[in-house]
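This report refers to the structure that appears directly beneath it.
Everything numeric in this text was worked out from a predicted model, so none of it was measured.
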Amino acid sequence: PPTVGAAGTFLTDAAGNGTLSWAAASSSPTVHISTVFETAARFSDTATNGGTATYNSTGVIIRTNTNSGAALSNMMNFRIGFLFNGSPTYSIGLLANSLVAASGDGSSFFGITDVNGLTVDGTGHTYTVRHVGFKILKTGGVVSVYATQANGTTETASSALTTIVDNDTLDLIFKINSTTSVDYYYRKNGGALSSATNLTTNMPTSIVTTDRMLQNSVSNNSTAFEYSFLCVGQSYDR
């Protein structure tokens with residue numbers, strides 16, 4: 001069973017409830033953060049110029065609305081100790097709601113950040129903030145998925161992993177390999193899981209505080225079109 005662990009080896013919610021600790025030298029347990037988006041109470045949403053988050057029994061829809069310069073950042077605070085302990089795995093399920101129906105460029109992010117999160121303000125995302133995750137960018141009418149990580153100064157991003165259109169479904173998964181690299185995977189429309197895309201540079205190893213954020217965010221990059229996803233399942237396993 002779990003035991004009281006060293007500092008930085010615990011998990012709890014933002015209110016300090018449900019603390020789980022284990023000795024740093026013990027085997028790594030599996031911990032599931034809730035995959036249910038039915039209540040806004042466990043999230044902190046920041047809207048810019050008409051962005052919205054809509055919660056229901058299916059998930060949460062994050063959208064920019066159709067105002068120019070609109071954005072929405074959907075954040076969940078959790079405390080996991082040091083990010084790289086136990087080589088954790090993250091996953092999220094997405095439905096592309098409205099991406100290509102109108103002209104304009106947009107950006108999004110799904111993954112783990114430091115306590116402040118990636119900046120997203122209606123003009124786009126700041127991808128140099130410390131993070132591990134995926135970005136989905138719309139440029140010139142094409143919507144592409146990328147793996148991305150940054151150390152607070154410089155981003156490393158993959159080449160485009162796949163392209164998507166409205167009503168496509170995506171499973172986005174990454175596994176952190178201690179402090180050395182991250183393996184990124186995707187599955188589109190229920191197909192086969194991709195092979196791993198491994199990124200080794202600009203790992204955010206300088207994250208030492210215990211607070212992390214699960215961030216789901218969209219921005220229509222100063223152009224007037226709706227950019228939105230339905231987020232249905234999100235988990236962190238260690």
Side-chain angles (χ1 to χ4, degrees), residues 13-15 33-78 90-127 129 131 133-139 141-146 148 163-172 188 211-236:
D13 64 17
I33 292 174
S34 176
T35 59
V36 180
F37 287 95
E38 292 181 7
T39 173
R42 55 186 76 172
F43 295 93
S44 174
D45 296 320
T46 302
T48 301
N49 203 21
T52 60
T54 304
Y55 295 83
N56 54 47
S57 59
T58 304
V60 58
I61 299 172
I62 58 171
R63 58 163 57 94
T64 64
N65 208 324
T66 56
N67 298 326
S68 176
L72 190 284
S73 183
N74 169 253
M75 310 278 282
M76 180 179 179
N77 179 278
F78 68 115
Y90 163 95
S91 65
I92 189 168
L94 300 173
L95 169 66
N97 270 353
S98 181
L99 304 179
V100 298
S103 62
D105 294 342
S107 58
S108 59
F109 175 77
F110 304 92
I112 298 175
T113 77
D114 68 12
V115 68
N116 296 312
L118 271 68
T119 301
V120 50
D121 58 8
T123 64
H125 287 68
T126 304
Y127 288 110
V129 174
H131 71 271
F134 293 86
K135 62 182 181 182
I136 303 177
L137 308 181
K138 180 184 178 185
T139 305
V142 178
V143 185
S144 302
V145 182
Y146 303 83
T148 174
T163 59
I164 59 173
V165 297
D166 294 351
N167 299 314
D168 278 348
T169 61
L170 277 175
D171 296 304
L172 302 177
K188 185 168 77 170
D211 285 10
R212 305 285 179 273
M213 305 298 288
L214 293 179
Q215 180 172 355
N216 313 307
S217 53
V218 289
S219 173
N220 66 11
N221 294 10
S222 301
T223 54
F225 81 102
E226 182 177 302
Y227 188 73
S228 65
F229 292 89
L230 170 64
C231 308
V232 292
Q234 192 172 27
S235 66
Y236 173 91

Donor-acceptor pair, [X] side chain versus [Y] backbone, under 3.5 Å?
X      : Y      : answer
Asp166 : Leu99  : yes
Asn221 : Gly104 : no
Ser217 : Ala71  : no
Ser68  : Ser222 : yes
Ser108 : Ile136 : yes
Asp171 : Ser91  : no

Decide yes or no for [X] and [Y]: does some side-chain heavy atom of the first lie under 4.5 Å from some side-chain heavy atom of the second?
X      : Y      : answer
Ser73  : Gln215 : yes
Leu137 : Ser107 : yes
Val145 : Phe110 : no
Ile164 : Phe229 : yes
Leu214 : Ile112 : yes
Phe134 : Leu94  : no
Val60  : Phe43  : no

Tell me, please, which residues at least two apart from [X] pass side-chain hydrogen bond (donor to acceptor under 3.5 Å, both in side chains).
X      : answer
Ser228 : Glu226
Asp168 : Asn189
Thr163 : none

Just checking, is any N or O donor in the side chain of Ser219 or His125 under 3.5 Å from an acceptor N or O on the other one? no
In Å and rounded to the nearest 0.5 Å, what is the [atom1] to [atom2] distance from [X] to [Y]?
X      : Y      : atom1 : atom2 : answer
Thr54  : Leu72  : OG1   : CG    : 8.5 Å
Asp121 : Thr126 : CG    : OG1   : 6.5 Å
Thr48  : Asn220 : OG1   : CG    : 10.0 Å

Taking the six-membered ring of Tyr227, is NZ or CZ of Lys138 closer than 6.0 Å to its centre and within 45° of its axis? no
